[in-house]
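Let me begin by presenting the structure, written as structure tokens, before commenting on it.
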Number of protein chains: 4
Amino acid sequence: MPKVSEEHAAARREQILAAAQACFARKGFHATSMNDIFAEAGLSAGAVYSYFKSKDEIIATMTSRAILLLAPFFDSVLAEDPPVPLHEVMRRFAALVQELSDGPMSVAPQVWSAATYDPELAPLVVANMRQARAFWTEVASRERKAGRLAPDADPEAVGAVLFTMVAGHLVDHKLLGDISPELLARGLRDLGGAARD
Amino acid sequence: MPKVSEEHAAARREQILAAAQACFARKGFHATSMNDIFAEAGLSAGAVYSYFKSKDEIIATMTSRAILLLAPFFDSVLAEDPPVPLHEVMRRFAALVQELSDGPMSVAPQVWSAATYDPELAPLVVANMRQARAFWTEVASRERKAGRLAPDADPEAVGAVLFTMVAGHLVDHKLLGDISPELLARGLRDLGGAARD
Amino acid sequence: MPKVSEEHAAARREQILAAAQACFARKGFHATSMNDIFAEAGLSAGAVYSYFKSKDEIIATMTSRAILLLAPFFDSVLAEDPPVPLHEVMRRFAALVQELSDGPMSVAPQVWSAATYDPELAPLVVANMRQARAFWTEVASRERKAGRLAPDADPEAVGAVLFTMVAGHLVDHKLLGDISPELLARGLRDLGGAARD
Amino acid sequence: MPKVSEEHAAARREQILAAAQACFARKGFHATSMNDIFAEAGLSAGAVYSYFKSKDEIIATMTSRAILLLAPFFDSVLAEDPPVPLHEVMRRFAALVQELSDGPMSVAPQVWSAATYDPELAPLVVANMRQARAFWTEVASRERKAGRLAPDADPEAVGAVLFTMVAGHLVDHKLLGDISPELLARGLRDLGGAARD
DNA sequence: TATGAATGAGGTTTCATTCAT
DNA sequence: CATGAATGAAACCTCATTCAT
């Protein structure tokens, strides 16, 4: 009995989140009015508000779910054996980011920005970031084990560098649009091939 | 003759921009009302509006000036001879970013975010980004010339990687706060020392 | 045959009225949403609406029934012989009011207030008031007959005074809470013992 | 310099309070929308909101000032020597209430009602009530001193009776409209003339 | 010139009520 | 019959901007 209802409710929530995402991508959080979301979702005000308590809750929910966008990627990379080389991981990652950059990831810069001054949002974003950073640190660690990084290389440090590229790449891609996954991968390889003589 | 007056006007504009920046850092662009800015600047509504046509113009002006924050750094690094090693440039850059992150750079994430959907703002941000990217490409180029990158390394590619870290590092620092300049520098060095056997 | 059904219906109506009363006492007519009433009654929206056409009808029904709260008291006082002394009637009345003031009478001030500007509600309240006033006039009349008021005393006038105390006492009790039935009774007795020399 | 401004501000506040009062008398607190008040006051939304933070603040301000309506009456009665007889005080009081009942006092029943469930409002109302009660107790006390109440009469008790008539009379007058000041005064006299033989 | 009171469109949210299931 | 999801009008309030003084 609750099943139909629950499934229905879940579907409605997705519908609303998708609509909100589309609006946010177009106009940003603030310039998007709740009316915009109602229209995009094809629902009435009351309907939307029966699934989300407020606009902020919609944003918070989107934020909390953001990591789900990348989790499958993280998992699949870590599942491969032998370990994928660093630069190839970055290439794939950048490709994924670019693919999602007009869709589900389009709001990420807004979320990072808002987390900068909104104490409600910050913890949600931080939680996601820690997961991403842990992934890149693990990638660095495997790279070292595979002998493709010096034995005394610090995976935390390399991980920090790679992680730092995450947010940066999305922003840069959205604004400049001319940084290809291959370019980034090559850049990492070229950095790695230093003084190899 | 108009000089005193002009200086006065310039000072007023700085005063307003500083006030706006402080407010924006605290509450974000949207939640900052013009009244907040009037109060922070200690000026009347009319006074502020005689120096800036609109709130958007204040934001645009702040955005346009952002590059000035980094230009001296870029210049001084490029002026050094022999060229500063890559990882040291990054260390200094990260230190500068962290130093400015609560002050003049605090609004950068908001600007990047807004540029994502605001067609008026995007060109201003893009102009700044191109300068930054050119800087990092030049750094990569010098690193290669110095023999610290492989002769066939692509400075554009390495520059893209380094540039990508700019936006990323500011966001990560503001939200996580535990990535030191030294860690990033070490990460770059460790990437560079790969598989040297 | 329709009897079970009718009883059931009556019970449901009482259930709803009781729930509404509890909500109204807590938050007032306006701040009580129909949802609050659904929850308090443990019924669905549709269920409640099948017994009452609207929120206003619930309020009107409660108002119309208000006099039923006092009718048994009025009847029992008038049934006593010899007639109960004025001050004792007031003492008992005040005690009853205080007893009911957190329950069924809790909404009376809201009803009086609403009747002040709501032309639908006013006649219902006026009907109740006329009954109460008639009661107090009758009490005054008996008091005179018993020789405890001057022969030329006007029962209408004395009744008006006593009646006036009805609404006043409920409000004062709910807000101040420190006027005992005994104090009021004593006040009436002390008024009555005037200038006896 | 602030003088013009302050006078102006005070005048605007009065203008708004008067408009609100008129609306509240017509439709009640809740059915009166802020738009109604804007229209009645001939001001814009922003103008009204620059003088009062919220609708509730308007109501609270009106409530706090309510006692000012009666204070001059209280003072003038207590200033008279020899003391005005009880029934005459009540006559004058009832006359004043009736005079104000369509104007400044028209909202009093709504205020009492709201104070019943609104914890923000209650203290303001209680403060006013205590002043009124003290007045009536003083009247009773003087009546006793004048020998028109028995020497062992309790002014607190008589005061409570008289005070109770305050709220009651306003409500009854507004709803029934047929209780004259003279009738109440006579009622009190008749109560006082008991058993005088 | 500098002020700050005023504007009023537009924002978010609520809630009495209905009706398809 | 009963349910409770959906409706959508309307509420309160904010704030960028203007302009009379």
Report yes if at least one side-chain N or O of [X] is closer than 4.0 Å to OP1 or OP2 of [N]; otherwise report no.
X       : N      : value
D:Tyr51 : E:dA6  : yes
A:His8  : F:dT3  : no
A:Tyr49 : E:dT13 : yes

[N] [atom2] sits how many Å from [X] [atom1], rounded?
X       : N      : atom1 : atom2 : value
D:Phe38 : F:dT14 : CZ    : C1'   : 11 Å
D:Ile58 : F:dC12 : CD1   : C1'   : 11 Å
A:Leu43 : E:dT13 : CG    : P     : 16 Å
D:Glu6  : E:dG4  : CD    : P     : 13 Å
C:Met34 : E:dT17 : CE    : P     : 6 Å
C:Lys55 : E:dT17 : NZ    : C1'   : 12 Å
D:His30 : E:dC15 : NE2   : P     : 12 Å
D:Lys27 : F:dA11 : NZ    : C1'   : 12 Å

State whether the number of non-hydrogen atoms from other residues, nucleotides or ligands found under 6.0 Å of D:Glu120 atom CD is greater than 12.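 It does not: D:Glu120 CD has 12 such atoms or fewer within range.
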First of C:Arg12 and B:Ser33 reached from the 5' end of DNA chain F, by closest nucleotide: C:Arg12
Want to settle it: does C:Ser44 or B:Thr32 sit nearer the 5' end of DNA chain F, counting the closest nucleotide to each? C:Ser44
Rounded to the nearest 0.5 Å, what's the gap from CG on D:Asn128 to OG on D:Ser64? Could you check?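 Taking CG in D:Asn128 and OG in D:Ser64, the distance rounds to 7.0 Å.
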With rounding to the nearest 0.5 Å, note down the distance linking CG in B:Leu170 to CH2 in B:Trp112. 4.5 Å
Have a look at B:Ser50 and say if it touches a base, only the backbone sugar-phosphate, or nothing, with a 4.0 Å heavy-atom cut-off. nothing
Evaluate the ring planes of B:His30 and A:His30, with Trp represented by its six-membered ring, and classify them as parallel (under 30°), tilted (30 to 60°) or perpendicular (over 60°). parallel
Can you tell me the base-pairing partner of E:dA16? Count Watson-Crick or G-U wobble geometry only, both distances below 3.5 Å, and say none if there is no partner. F:dT7
Using Watson-Crick or G-U wobble geometry with both distances below 3.5 Å, tell me the partner of F:dT21, or none.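 Base-paired to E:dA2.
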Do D:Val48 and D:Arg12 have side-chain heavy atoms sitting under 4.5 Å apart?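 No. Closest side-chain heavy atoms not under 4.5 Å.
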If you check every side-chain atom of C:Ala45, which of E:dG4, F:dT7, F:dA5 has the closest atom?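 My answer, after comparing the listed nucleotides, is F:dA5.
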Taking the nucleotide of DNA chain E with the closest heavy atom to each, which residue, C:Asn35 or B:Ala47, is nearer the 5' end?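 With C:Asn35 and B:Ala47 compared, the 5'-side residue is B:Ala47.
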